[in-house]
Number of protein chains: 2
Amino acid sequence: MTDGVAERSRPRDRILETAQDMFHKHGIKGVGVDAITEAAGTNKMTLYRHFESKDDLIIECLRATAAKASRIWDEFEAEHPGDKLAQLHAWVRKASELLSADSRGCDMANAAVELTETDHPARRVIKELKEAQREKLVALCRDAGIGQAELLADTLSLLLEGARVSMQSVGAEGPSAQFVRMAESLIASFRAR
Amino acid sequence: MTDGVAERSRPRDRILETAQDMFHKHGIKGVGVDAITEAAGTNKMTLYRHFESKDDLIIECLRATAAKASRIWDEFEAEHPGDKLAQLHAWVRKASELLSADSRGCDMANAAVELTETDHPARRVIKELKEAQREKLVALCRDAGIGQAELLADTLSLLLEGARVSMQSVGAEGPSAQFVRMAESLIASFRAR
DNA sequence: CTAGGGTGTTACCGGTCTGTAACTTTCAGA
DNA sequence: TCTGAAAGTTACAGACCGGTAACACCCTAG
């Protein structure tokens, strides 16, 4: 019941939303399809009428989560129209908000850790989505007038990825607490070149 | 058989070594105790005579892996006696070697991702071990004459942690490819202050 | 009112999981 | 050679897993 998503929308949407939430909280291998359907207020047969398999559901969840996350780029543009540097700082602030105390990190990264089979169908989807995210950040850095845009984007990516996983192992008081300071001074030093 | 560890040592040691290897390769939830004992050339009863439970085995594996990893600090001291700055550069080089193509990342971080129950007994062990590693890197930075030793150590930690998890999601050609360059220029900029 | 697709229900399959019981075998040390 | 502890063997319990079959129901479009 703690994971209940009781809105009366269509079963497929409820399953997708509930699965995203439960995969995020408890991990992919930590949640069974029975638990998902029960929390979504439906049943296993309905799930398998909309999704080929649990793997298929996993993939759709990752796509949905990534699609939701990608909307922040529009928010940045709306908040700071044309000001790409301000948008980059907004990215840092938004990223730091992902490091709240009980964070479970990035769903795609977590999935990559959990799904160890090298030929798992979700792995190429994860790679695709992560590469798309990377390109967006590179473009933002470049448009903000940064000389070595790729290097700054990649460094910021690794810092955030590291912070999100560090949160889960050492907690919020660990190295991830300094993320904003690291990111900001990094941007400053790249701008100075 | 691919995971076989056939040396004729004592069963407990074989189980521990085999479990470390299999947990690392296939993940904790991806390996059952039956598979471990079979690969270790023993049986389940013997495992449960030496370890209270699978959780206990997990903890012992993490401790053993961390103990093995902590020996690199002695290697650094042996290779560059007294030269802490050279040891810091050696750390960067050693860290980059962890980013080889098929890397599965840090066992502790991966375990933290997989074991989502907040009260899982392994979680406090992971935190302890990670904090110990952090303190060693901070001490190295400080002894190398870096002003803001904690900040540099934490930044390097996040970069490495991020690189190791990024390898698993986007692969070796992703942002992690630039790790050495990032780390070195970071050290240089901290030394310049 | 009726037809039919979407949904719910129940039961089941074969497999895997952690963990245990009871018993036999091996083997080193006295 | 005898003894006793460590290790191996077999079988099992009880739970959970992903996935399917067969059937009853509801509810809306015609």
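Letters A, B, ... are given to chains in the order of the sequence lines, protein chains preceding strands, and every chain is numbered from 1.
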Hey, is the side chain of [X] pairing donor to acceptor with the base of [N] inside 3.5 Å?
| X | N | answer |
| --- | --- | --- |
| Arg12(A) | dG6(C) | no |
| Lys54(A) | dG19(D) | no |
| Arg49(A) | dG5(C) | no |

Options [options], nucleotide nearest the side-chain atoms of [X]:
| X | options | value |
| --- | --- | --- |
| His50(B) | dA7(D), dT9(D), dA22(D) | dA7(D) |
| Met45(A) | dG19(D), dT10(C), dG8(D) | dT10(C) |
| Tyr48(A) | dA21(C), dG19(D), dT9(C) | dG19(D) |

Worksheet item: Is a salt bridge present between Glu75(A) and Arg71(A), judged by a nitrogen-to-oxygen distance below 4.0 Å?
Response: no

Fill in: Result of checking Glu184(B), Lys94(B), His80(B) against His89(B) for side-chain hydrogen bond (donor to acceptor under 3.5 Å, both in side chains)
Glu184(B)

Nearest-Å distance, [atom1] ([X]) to [atom2] ([N])?
| X | N | atom1 | atom2 | result |
| --- | --- | --- | --- | --- |
| Asp34(B) | dT9(D) | CG | P | 13 Å |
| Leu57(B) | dC17(C) | CG | P | 15 Å |
| Glu38(A) | dT10(C) | CD | P | 13 Å |
| Glu52(B) | dT18(C) | CD | P | 16 Å |
| Phe51(A) | dT7(C) | CZ | P | 11 Å |

Check whether any side-chain nitrogen or oxygen of [X] sits under 4.0 Å from OP1 or OP2 of [N], and answer yes or no.
| X | N | result |
| --- | --- | --- |
| Thr42(A) | dT7(C) | no |
| Ser53(A) | dG18(D) | no |
| Thr46(A) | dT7(C) | no |

Discussion item. Donor-acceptor check, side chain of Thr18(A) to backbone of Arg14(A), threshold 3.5 angstrom: yes or no?
Written reply: yes

Worksheet item: Quick one: does Arg123(B)'s side chain have a donor or acceptor within less than 3.5 Å of a partner on Gln168(A)'s backbone?
Response: yes

